[in-house]
Amino acid sequence: GENVEQHPSTLSVQEGDSAVIKCTYSDSASNYFPWYKQELGKGPQLIIDIRSNVGEKKDQRIAVTLNKTAKHFSLHITETQPEDSAVYFCAAKGQAGTALIFGKGTTLSVSS
Amino acid sequence: GAGVSQSPRYKVAKRGQDVALRCDPISGHVSLFWYQQALGQGPEFLTYFQNEAQLDKSGLPSDRFFAERPEGSVSTLKIQRTQQEDSAVYLCASSLLGRQGGNTIYFGEGSWLTVV
């Protein structure tokens, strides 16, 4: 089955810096890769996603890149703000599978 | 409703007690998922419904866990004879299409279960 590895587990940056979180997946048939932000006491909130027919997608300060050959995808947050502080999860969904498989999460701290 | 709604938000159960957790998915969503999230971990898949059919229950940790979605809308996750290791956040999620579609999956706020 699918296995998703996520790095780093914690990331501390200064306000205004960029943050990059990386994930690898094992199932070459996976075709959908969302990123979720989870704040304390809340459920995961989708922030951006990418499908396997696209290499990069941007939404304001957030971008995701996908390298299908290497089976890895990354989240890029530019001009970080304190409100970006949260736990971020990557996930992958196999073509024939029913469920998203999540990474273990990255705790991002943005200090002002 | 506007989003996935879960109740209760918080539940404290004595060991051995049965609990039932409810999920109201986004109206019209075909797919419904249950996930379990332990403290400091990512969500782990429990079970999947397409309308009223439970198509995948491979993630249910034991036969004490049971889920249903009898009319293809509201779903209930039931845990019998709760154990301390069942303490976790139980997340419900829904998506518009069936499982073959790579479509957006929306999560609820979760039900926080503590077994004492």
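All values reported here derive from a predicted model rather than from experimental measurement. Note on naming: letters A, B, ... go to the chains in the order of the sequence lines (proteins, then strands), and numbering restarts at 1 for each one.
Of all non-hydrogen atoms in B:Pro43 and A:Pro44, the two that sit nearest each other are CG-CG, 4.4 Å. Pairing each heavy atom of B:Gln41 with each of A:Phe89, the nearest pair is O-CZ, 3.7 Å.
For the atom pair OH of A:Tyr32 and CD1 of B:Ile105, the computed distance is 6.5 Å after rounding to the nearest 0.5 Å. Distance CD/B:Glu109 to CD/A:Gln45: 9.0 Å, rounded to 0.5 Å. Summarising the geometry, atom CZ belonging to B:Phe107 is positioned 6.0 Å from atom CG belonging to A:Leu100; distances are rounded to the nearest 0.5 Å. Here the CG atom belonging to B:Leu91 is positioned 6.5 Å from the CD atom belonging to A:Gln38, to the nearest 0.5 angstrom.
Taken together through direct or relayed side-chain contacts under 4.5 Å among Ile, Leu, Val, Met, Phe, Trp and Tyr, B:Val12 and B:Leu77 form parts of separate hydrophobic clusters. In the hydrophobic clustering of ILVMFWY residues, with side-chain heavy atoms under 4.5 Å counting as a link, A:Trp35 and A:Ile50 come out together. Taken together through direct or relayed side-chain contacts under 4.5 Å among Ile, Leu, Val, Met, Phe, Trp and Tyr, B:Ile79 and B:Phe66 form parts of separate hydrophobic clusters.
Shown here is A:Glu83, whose CD atom has more than 12 heavy atoms of other residues, nucleotides or ligands within 6.0 Å. The environment of CD in A:Glu79 is sparse: at most 12 heavy-atom neighbours from other residues, nucleotides or ligands sit within 6.0 Å. In the displayed structure, B:Glu71 atom CD is contacted under 6.0 Å by at most 12 heavy atoms of other residues, nucleotides or ligands. Surrounding OH of B:Tyr106 are at most 12 heavy atoms belonging to other residues, nucleotides or ligands under 6.0 Å away.
Centroid-to-centroid, the aromatic rings of B:Phe33 and A:Phe102 stay 6.0 Å apart or farther.
Heavy-atom distances place no part of B:Glu44 under 4.5 Å from chain A, backbone and side chain included. A:Gln6 does not touch chain B: none of its heavy atoms, backbone or side chain, sits under 4.5 Å away.
Using a 4.5 Å heavy-atom cutoff, the side chains of B:Thr104 and A:Pro34 are not in contact.
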